[in-house]
Structures are given as structure tokens and as C-alpha cells.
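Here is the naming used below: chain letters follow the sequence lines, and residue numbers restart at 1 for every chain.
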Amino acid sequence: MKNELKKLVDRILPEILSELSPEQPIDPKKIDYDVDLPKVKGHGDLSINLGFQLSRMLKKAPFEIATHCLRIIEKKMKVDADWQKWVKSVTVAKPGFLNFKLVENSAAGFLIDMAKADAAYGKSEFGKGKRVLIEFVSANPTGPLTIAHGRQAALGDTLARILNAVGFKADKEFYLNDAGRQIRLLGESIWARFCELSGKPYAFPEEGYKGTYLIDIARELKEQFGESLLSKKSAEAIDTARQFGVTKILDSIKKDLADMRIVFDNYFSEKSLYERKVVEEVIERLRAKQLVFEAEGAVWFRSTDFGDDKDRVLRKSTGENTYLAPDIAYHSVKFGRGYERLVNLWGPDHHGYVPRLKAACQALGYSKDQIDVLIVQLTTLYRDGVPVRMSTRAGEFVTLRELMDEVGVDATRFFFLMRKVDSHLDFDLELAKKQSDENPVYYLQYAHARISSILAYANRPDEQVDDLMKADLSRIIEPEEINLIKKMSEFPEALVQAATNLEPYRIVDYLRELAASFHKFYALHRVVSDDPSLTQARLLLTHCVRLVLRNGLTVLGVSAPKKM
RNA sequence: GGCCCCGUAGCUCAGUUGGAUAGAGCAUCAGCCUUCUAAGCUGAGGGUCGCGCGUUCGAAUCGCGCCGGGGUCACCA
């Protein structure tokens, strides 16, 4: 709808410009004006801010310019069929807006396009097939996923769905920290539990993992390998315990994710970076560029060359790598695999790490614009208005699994997506569970179920819409109906906005508005009536609303129930 | 102390990238079901957009300076 008006205005823009500034020609391409929905009711259907945009250039008051534009437009409207088809009247308002009232059912034609496109409605080629890699969760496989991982998981997965919907080729990747100290500790912890179960004395590692889930894993380990492990050398036994543990824990992580409707395209092993000597290679590449130096017995990366506030250690004086070294290698591999753009979702504790990584990517010859790091802020769970303490101590609410079990997958995903990524999220457990009007998830799902109920009442098989296409669109004239069509026509743009800003919550907001428009329509008008042609037109309308709701919910990974 | 995020209605948050009279939901109060789902709709009250200065025709939005809350500043991962 906005696009249609923009096209019409663009067509007469040169004329406007030459008339306003006859001696100094202005390039129409340089004029950047917006078509918007007026904020104030009674100002028509759409408005443009052309007057303001031109006022600076022409050094004239916005109102004066807008009035001038109006005269030209009115002249055009008398002779141009396209203008007549869309625009009913134009007015100039106070500071300098041009407000357009559209022909009542000019928009109804969109319904046909939507119904035809069906599940594809909303999709676009905006991303031009550009390959994007979204890396998220990336938890150490040392324990169950937490609430924090859950928010990242919901966001990362939904971002991938959004990007793919608008024509990017986005893949989801889980970086598996299966090397290093934490994993070693995991092996030792399991081994300690194993010894405990077997009555063999073994000191529990100081910073080991004390979670009770490791006792279960140790028990399984014992069932599978038996006491024979005890006779092996302890390094070998710990190695077995470690491998066994990682596999078990990773399986349960994958299970949690699958239950949350998330399947990763790839799990990338940190260990493989060492096995394939990529870490060495990358350090050498940086060294060749004079960006690596030795000091105090350690190997450093000169990240200050790229705006970091200090240089960073790649290899400690002990000979061990820091986390940064394999991370640079990993990102080099990501680019090497053909991704033009990388999106990482990290926790707030990593934000200081961003300049380091961007510096590294620039050092390797990539632009810092090719990598986006989204810092996913913390989530606080509330029960009865009181924050739920989250610590690893027994009995306290920590895992994603527990959350999903308590409130369900739909509410879990929805609540995680509801807020902007970089703001703290208050997750009200009672609210998420409530099957009532207070719960925002149900507001959307209810609209979908309501429409399904109407279509069922009208005896309509879901797939069959051919006869609806023949509906008499001139019957659609009510403001609530026009409003619905207007909203629906914005869906493709909402997806593009969400994709370019990497902000899934925009889709949540969009769908809430659409559902609200529908509920308002429903309260005032009947769909199925004894007027066959009106009924048919409104069935087409509601069919389309359901389709957009469903497409939107699909992008969020939330189910669209036909009955509630 | 440096850097990052936040500060908008009693609470939780939007504010379409600088536009018109700052909006939703919850909570409070008052209404609406003999007809397609009341998990819904309509209305009322509720605001110094943390404070100040600046840029602009125009600022919740941009800049600078304060105030307040949270996070982070390792040869940890």
C-alpha cells in the first residue's frame, strides 16, 4: 500500500521539483521522503513528509511547499487513471504533511495476492541469497542448558527463520567447546563420581562440576564399562569418562533444543581446530602481518592496531592457548566456508570481548561490518512477583528443561522473543502459564483459533480457496476491514525490518497489532451472514488474516492452534 | 576510574531510525454474550519521556555534561 503510493508520488516528483526550483534543477533521486501511517486519527490513510524534506533544500516553509505539491497532485488526479484508482483525496496539514485518503476498497485487491501466495506470503528476495552464519548457544557440554541459553536459542533460531524468509541463506551453528580446561574438569569430575560409586578413594577436583547429573552419568558409565575401568591408568580412564560425558550431555542438550523446535545445521568442534592445526596457521598468518609479538614469555596479538584498548594474549607463558586463539581460528574458518556475514549471540559477560574479535577479523582482512555480535541480556524469572534465585544449588530453578516443562514450549519461545535483545527480560512464570487474557501468547493464538472456528462454521475445507478468489471485493468497505488489509500488507516489510535490525521482537509486536485489528473487527461485524456475497468477501478476508497470523507464528516457532 | 546496556503511566514495555495531540498490555473503575470462541471488545482515570544545556522548522529519538540502576574490565572459559 505504501509502495503503491510511493510509486505514484515518485512519478510526479520531477514535475514538482522543476516547478518549485526552476532555475536550479534538483535530482529526484536525492530526495528521501517517507510514506507513513498518520499517527493522528482523521488525517487520512497515509501521509508523506515531502514538505519537510524539501524545505531545507529550498529554504521555504514546509507548509508552503506542501501546499504547492497539493496543487500539482490535484491537477494530476484529474487526468491520471492510476491516481484515480488509489487516491480519493489529498490534504495539507499543519506543519507540512501531505495526507492521503485512499479509495475505499482500492486495497482489497491485495487479498487475492495474499491468498495466492499462501504460506509464501511475506517472503521476499531482499537478502539476495547472501550467506549468513548465525552462531548461538555454544554452551560448554558440561551440563544442562540454562535459562540464559534458552533466550539465545529462541532468538538465534528465530533470526535464522526471519533471515531465510527474506531471502538470505542463513545457517545455524553451535560452537562446541570440546577442548580445554572445562572439559578436562568434566572428565575428572565424572571419574571422581565413578570412583565414589565403586568405593575407590579419589579426591574430587577442586573446581569440578558438583551437579548431581554427573552421578547419573557416572552410573551409566559404570554400567557400560564396569569395574574394568578401575584397572586402567587414571589418565586413560579419565579420558574415557570425559568422552562418555560429553556425548551424554550433548545428547541431552540436543534433546532440549529439539523439544524447543530447534535443530542446528552444524555443530562445530573446537577440538577439530587443533587437530587440523588451524590455530597454528592463523597465528602464523597474523605473525606474517607483523601483528603478533612476544612479551613476558607470552604470545600477543596487536589488537590495538584495530581499536581495541589493549593488546591481547594468544598463548600464555605456560604454552597453553587463551580462548582468543582458537576463536580467531574459528572465525577465520567461518569466513573460509563462504559465509559473507557472521552473526554471533553472546551473553552480557562477553561484551568486552567484542572489540577483540572484531579486531581479529579485520586483521584477517575482513570488514568489521561483516560480523554482528548481539549481546543477549539476562533473564530474571519471577514467581509471585518475586525474583527466582538461580544458582546451581540443589532444588533451585536453573535449567531450560525445567522452564519448558513448567510453562510449555510456545510460552517459552514467545516470552524470550518478546523483548529487545539488549534489554533485561523479566519472565513472569505465573503469567506464562496462565491460560487467560493476561497472557500475550494466547492473544495471538486465540485470534487464529477464532478464525479457524469461523471457517469451520462456514463449512470451509482449509485448502480450498478458489471460490473465495471470486469474491466481490467491492463489498469490503468497513474501516475495520480496510484496517486489517492495511496491516496485512505491511507483513513483508515487517519481516525485512526485523531482518535488517536483527530484531525478532518486531514480529511479535506486528502480530499483536494484527491480532488486535482482527479482534476489533470481529467484535463489530459478522463474517457469516445471510448475505452470500458479503459472506464470501469476508471469508476471504478472514482466511487471509489467518494465513498471515500462521506465517508470522511459524517464523516465531510458536504453534498456531485451530482450537483452544 | 575506562567501556557497554538501561532510565517513558502504579508495574512490564513499545515508540516505524528526527515528525503531527508520546502509545500498548497488566493492575483500578464503568459497560458489552438468546446468532461465527468473552482466552474477546468498548470507555474512564493515570506522563516534568531521569535532570540540564545544545543542534534543528521540529527532539523521547541526535550531541555534550550530570544523576540513578545493572553489567564488564584476566596470561578465566
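- Of the side-chain N and O atoms in A:Lys420, one or more sit less than 4.0 angstrom from OP1 or OP2 of B:rG15.
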Practice task
I would like to know whether A:Glu320 and A:Arg181 meet salt bridge (charged side-chain N to carboxylate O under 4.0 Å, His left out); could you show each step before the answer?
Solution key: CA-CA 10 Å; A:Glu320 260 183 306; A:Arg181 204 173 95 91; over 6 Å; no
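- Atom C1' of B:rG23 sits at a distance of 27 Å from the matching atom of B:rC67, rounded to the whole Å.
- Between the side-chain ring of A:Phe97 and the base of B:rA20, a stacking contact exists by the 5.5 Å and 30° definition.
- Between the CD atom of A:Glu513 and the P atom of B:rU16 there is a distance of 12 Å, rounded to whole Å.
- When ring centroids are compared, A:Phe301 and A:Phe293 stay outside the 6.0 Å threshold.
- As a whole-Å value, the separation of A:Asp426 CG from B:rC26 P is 18 Å.
- By the side chain to side chain contact (heavy atoms under 4.5 Å, CB included) test, A:Asp467 is found to be paired with A:Arg460, A:Gln464, A:Gln536, residues two or more places apart in sequence or in another chain being considered.
- Distance, A:Arg506 CZ to B:rC13 C1': 15 Å, rounded to whole Å.
- With rounding to whole Å, A:Lys520 atom NZ is found 21 Å from B:rU37 atom P.
- The nearest whole Å value for the distance from the CG atom in A:Asp308 to the C1' atom in B:rG2 is 13 Å.
- The interatomic distance linking A:Leu444 (CG) with B:rG40 (C1') rounds to 13 Å, in whole Å.
- Across the C1' atoms, B:rC51 and B:rU8 are found 14 Å apart, a figure rounded to whole Å.
- Whole-Å rounding puts the A:Leu524 CG to B:rC33 P distance at 14 Å.
- Taking side-chain N and O atoms only, A:Tyr505 has a distance below 4.0 Å to OP1 or OP2 of B:rG15.
- With a glycosidic angle no more than 90° from 0, B:rC33 adopts the syn conformation.
- Under the 3.5 Å distance criterion, the side-chain polar atoms of A:Arg550 are left unmatched by any main-chain donor or acceptor of A:Ala560.
- For B:rC41, the OP1/OP2 oxygens have a side-chain nitrogen or oxygen of A:Tyr443 closer than 4.0 Å.
- Taking the P atom of each, B:rC13 and B:rG70 are spaced 15 Å apart, rounded to whole Å.
- Side chain of A:His519 to backbone of A:Ala516: no donor-acceptor contact under 3.5 angstrom is found.
- Exactly one residue among A:Tyr330, A:Trp346, A:Phe136, A:Tyr323 makes a ring-ring contact (aromatic ring centres under 6.0 Å, His included) with A:Tyr175. That residue is A:Tyr330.
- Between A:Gln53 atom CD and B:rA20 atom P the separation is 14 Å, expressed in whole Å.
- Between A:Phe427 and A:Tyr382, a ring centre-to-centre spacing not shorter than 6.0 Å is recorded.
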Fill in the blank from the handout: Heavy-atom contacts, protein to nucleotides 70-77 of chain B, under 4.0 Å, summarised as B (base), S (sugar-phosphate only) or - (none) per nt, yield SBS-SBSB
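- Separation of the C1' atoms belonging to B:rG50 and B:rA60 is 12 Å when rounded to the nearest angstrom.
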